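None of these values were measured; they are calculated from a predicted model. Positions are given from 1, in the same order as the sequence printed here.
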Amino acid sequence: MFNKHEIARDACQLFGEQAKCGYDWWWHSFTARHAETGEEKPFFIEFFLCNPALGGEEPVFGQLPENRKNGVRPSYLMVKAGSWGKDAAQLHRFFGWKKIRLDWGVPFSMEAGDCFLSETETRGSVSVSPEEAAAHPEWMCESGSMSWELKIDKQVAFNVGYGASEPMRDAQAFEMFWHAEGMKTAYSGEVIWNGERYLVTPETSYGYADKNWGKDFTSPWVWISSCHLTSEVTGKKLENSVFDIGGGRPKVGPLALPRKLLSAFWYEGTPYEFNFSKVWTHTHTEFDCRETDTQVIWHVEQRNRFGQKMITDLTCEKEDMLLVNYEAPNGEKRHNRLWNGGNGRGTVELWEHDRLIDRIRVENAGCEYGEYGEPAEKE
C-alpha cells in the first residue's frame, strides 16, 4: 500500500557517482491568504542540491558562458521560492557547498544563511533585484522578494515502492527517483511576498511536499496533484483525500520506458494505485498533455488488473503559470519550456468494475508539463 511514510527516502542521496553528477531537491507548495484582504495565493519553496563533490566556497553556475565552453558542471544549493498567479515569479538564491550545513542522517536537515529545512519546518528568504536578474542570466530567475516561516505536517504519503527501494537507490539505477512523503501536507505560518503578508493555515493550505533526485530530468515531464477535492456526486468536500500523478519517460540505465506514469489516489481512506513499477498490477496508462495559446491541458487515463480506473482532466491558465528553470548536473539546460503552476482545475473520475465511484472536482492543483526534443512515441 502506497500510504507508507518512510523519511529515510527524504535523506540526501548525493553519494557515490551522484556526488559528482547528481541533484537532490525537496519541493513544497501550498496556498496562503492575504493578511488584510483574504485574497488566496499559491506559493512554492524548494531546496535544490547539486554536485557536492565539485563544490567550494562559492556556487558554481553551469550556465555561465565560460563554464559551458569548458564543460564545468554546476555545484550549489539553490533555494527556489516564488508564487503563481498574476505576479508569478521564481526567485533563486545560491550557496556554495562549504556554506551549507547538511545533516545526512534520518531525519535530514539543511541550513545556509537564514534558510533552513527539515521534515517539520522551513524558514528563509530570497531577494533578487531587477538589476541583478538582468545582469545574471545564469541565475535563471526573475526579480522580487519572499521570506517565510512555516511548520510542515506531512499527513499522507505516496511511497512509489520498488523503483525507489534501498537496493535500487544504492545502485543509482534510475535517472530520476521520486518520493512524496507528504502528497497531502498541512502547512502553517506566514509568507512575506514583495512586502505583502500572507497567512498559511492547515485547513486551507492544500499543501504538498515531495522530493526528486538523480542524474538528469525526464522528458516528457508530467506532474499533477491536489488535496482540494469535492465530490460532485454528494457535494461534500473530501477532507481525507489526495491524488498524485507523476513521471513521463523514466530511464533505468540506458533503457528508456516511454510514457509511464505513477499515480495514487487516497480517497477518504481507500487507496487506488496505478504504478507501472508494480508489474503484477498490470497497470496501463494513456496520457496526453498539450498547450493552447492560453492553457496547458492534461488528460490521463489509467487502469489496473483489479478493475480500477482513474480518469483525470486538468487545465491551468498560462497567465497563472511559470516556465520553471533548472540546469541538469552535467551543466545542460534542455528543459526550456517546463510549465509549472499551482492553480490547476479539473475533474477526476474513479471507477471500479465499470461502476462510477465518484466524480471529483479538483481545485488548487499543482501541475507541470514540459518536453524537449521530439515528443516520445505513444503506446
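- Residue pairs satisfying the salt bridge (Lys or Arg N to Asp or Glu O under 4.0 Å) criterion with at least one member in residues 303-318, sequence neighbours excluded, are listed as follows: Glu291-Lys318.
- Both Ile45 and Leu91 belong to a single network of hydrophobic side chains, linked directly or stepwise wherever heavy atoms of I, L, V, M, F, W or Y lie under 4.5 Å apart.
- Taking hydrophobic clusters as Ile, Leu, Val, Met, Phe, Trp and Tyr residues chained together by side-chain heavy-atom distances below 4.5 Å, Leu102 shares a cluster with Met78.
- With respect to Tyr326, the side-chain hydrogen bond (donor to acceptor under 3.5 Å, both in side chains) criterion is satisfied by exactly one of Lys333, Glu46, His335: Glu46.
- Between Ser109 and Ser118, the shortest heavy-atom contact is CB-CB, 4.1 Å.
- The cluster map of Ile, Leu, Val, Met, Phe, Trp and Tyr, joined by side-chain heavy atoms under 4.5 Å apart, puts Leu314 and Ile297 in different clusters.
- Within the 4.5 Å cutoff, the side chain of Glu181 has heavy atoms near those of the Ile7 side chain.
- Looking at Leu229 and Val362, their side chains come closer than 4.5 Å, going by heavy atoms from C-beta outward.
- Ionic pairing of Lys215 and Glu175 is not present here: no N-O contact between side-chain nitrogen and carboxylate oxygen is shorter than 4.0 angstrom.
- Using a 4.5 Å cut-off on side-chain heavy atoms (C-beta onward), Glu232 and Thr234 make no contact.
- Linking Ile, Leu, Val, Met, Phe, Trp and Tyr whenever their side-chain heavy atoms come within less than 4.5 Å leaves Tyr206 and Trp266 in two separate clusters.
- Contacts of Gln155 classified as side chain to side chain contact (heavy atoms under 4.5 Å, CB included), with partners at least two apart in sequence or in another chain: Asp153, Lys184, Ala186.
- Looking at Lys86 and Glu39, a side-chain N of the basic residue comes within less than 4.0 Å of a carboxylate O on the acidic one, giving a salt bridge.
- Pairing each heavy atom of Cys316 with each of Gly341, the nearest pair is SG-CA, 4.5 Å.
- Few gaps surround CD on Glu57; more than 12 heavy atoms of other groups in view lie less than 6.0 Å from it.
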* **Step-by-step ring pair (Phe, Tyr, Trp, His ring centres under 6.0 Å) determination, Trp339 to Tyr369** => CA-CA 5 Å; Trp339 288 101; Tyr369 168 65; 9.5 Å; no
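- Put simply, the side chain of Asn194 gets close to the backbone of Ser145: a donor and an acceptor are under 3.5 Å apart.
- For the pair Lys99 and Glu58, the salt-bridge criterion is met [side-chain N within less than 4.0 Å of a carboxylate O].
- Applying the side chain to side chain donor-acceptor pair (under 3.5 Å) test to Gln90 and every residue at least two apart in sequence or in another chain returns Lys80.
- Exactly one residue among Asn304, Leu261, Leu262 makes a side-chain contact (heavy atoms from CB on, under 4.5 Å) with Phe274. That residue is Asn304.
- Residue pairs meeting the salt bridge (Lys or Arg N to Asp or Glu O under 4.0 Å) criterion with at least one member in residues 138-152, sequence neighbours excluded: Glu121-Lys151.
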* Could you walk me through whether Arg334 and Ser219 pass the side chain to side chain donor-acceptor pair (under 3.5 Å) check? -> CA-CA 9 Å; Arg334 292 187 287 181; Ser219 177; over 6 Å; no
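- When the options Phe44, Trp223, Phe243 are evaluated for a ring-ring contact (aromatic ring centres under 6.0 Å, His included) with Tyr208, the one that passes is Trp223.
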* To do: Go through the steps to decide whether Phe158 and Ile245 satisfy the test side-chain contact (heavy atoms from CB on, under 4.5 Å), and finish with yes or no.
  => CA-CA 10 Å; Phe158 181 17; Ile245 302 172; over 6 Å; no
* Asked: Is there a side-chain contact (heavy atoms from CB on, under 4.5 Å) between Leu49 and Trp26 once you walk through the steps?
  -> CA-CA 9 Å; Leu49 294 171; Trp26 295 256; 3.6 Å; yes
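- Listed by first then second residue, pairs satisfying salt bridge (Lys or Arg N to Asp or Glu O under 4.0 Å) with a partner in residues 87-96 read Lys41-Asp87, Arg93-Asp114, not counting sequence neighbours.
- Heavy atoms only, all atoms of each residue included: Ala180 and Asp210 are closest at CA-CB, 3.6 Å.
- In Arg123, the CZ atom is crowded: over 12 heavy atoms of neighbouring residues, nucleotides or ligands sit closer than 6.0 Å.
- For Lys236, the NZ atom sits in a loose shell: 12 or fewer heavy atoms of surrounding residues, nucleotides or ligands are nearer than 6.0 Å.
- If you take CD on Glu371 and CG on Asn336, they are separated by 13.5 Å, rounding to the nearest 0.5 Å.
- When atom types are taken as modelled, the side chain of Asp216 and the backbone of Ala328 share no donor-acceptor pair closer than 3.5 angstrom.
- Note on ring orientation: taking the six-membered ring where Trp is involved, the planes of Trp148 and Phe47 are perpendicular (angle over 60°, cut-offs 30° and 60°).
- Scanning both residues, Lys260 and Phe287, for their nearest heavy atoms gives N-CE2, 4.2 Å.
- Nearest heavy atoms, Met1 versus Pro271: CG-CG, 3.9 Å.
- Two residues are said to be in side-chain contact when any heavy atoms from C-beta on lie closer than 4.5 Å; Glu301 and Ile311 meet this criterion.
- Using modelled atom types and a 3.5 Å distance limit, the side chains of Trp84 and Asn340 yield a donor-acceptor pair.
- Side chains of Phe177 and Gln13 form no contact here, defined as non-hydrogen atoms less than 4.5 Å apart.
- No side-chain N or O of Trp298 forms a donor-acceptor pair with one of Thr312 less than 3.5 Å apart.
- Note on residues 185-207: pairs passing salt bridge (Lys or Arg N to Asp or Glu O under 4.0 Å), not counting sequence neighbours, are Glu190-Arg197.
- Using cut-offs of 30° and 60° for the angle between ring planes, the Trp221 and Phe217 rings count as tilted.
- Side-chain contact between His92 and Val126 is absent, with no heavy atoms from C-beta onward closer than 4.5 Å.
- Although no hydrogens or angles enter the test, the distance criterion places no donor-acceptor pair under 3.5 Å between the side chain of His136 and the main chain of Trp139.
- Of the possible polar contacts, none joining the Thr37 side chain to the His34 backbone as a donor-acceptor pair under 3.5 Å is found.
- Summarising the geometry of Leu14 relative to Asn51, their closest heavy-atom pair is CD1-N, 4.5 Å, with the distance given to 0.1 Å.
- Leu356 is listed as a side-chain neighbour of Glu349, based on a closest heavy-atom distance under 4.5 Å.
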* Asked: Run the side-chain contact (heavy atoms from CB on, under 4.5 Å) check on Gln302 and Gln308 step by step: do they pass?
  -> CA-CA 8 Å; Gln302 297 177 286; Gln308 297 174 336; over 6 Å; no
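- Side-chain atoms of Glu268 and Ser241 include a donor-acceptor pair closer than 3.5 Å.
- Note on Asp10 versus Lys154: salt bridge recorded, some NZ/NE/NH1/NH2 to OD/OE distance being below 4.0 Å.
- Under a hydrophobic clustering in which Ile, Leu, Val, Met, Phe, Trp and Tyr are joined whenever their side-chain heavy atoms come within less than 4.5 Å, directly or via other members, Tyr23 and Ile100 fall into the same cluster.
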* Walk me through it: do Ile152 and Glu119 pass the test side-chain contact (heavy atoms from CB on, under 4.5 Å)? => CA-CA 7 Å; Ile152 304 170; Glu119 285 287 350; over 6 Å; no
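- Between Met146 and Phe43, the closest side-chain pair of non-hydrogen atoms falls below 4.5 Å.
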* Which is it for Trp104 and Phe15 under the ring pair (Phe, Tyr, Trp, His ring centres under 6.0 Å) test, yes or no, and what are the steps along the way? -> CA-CA 10 Å; Trp104 292 71; Phe15 50 82; 7.9 Å; no
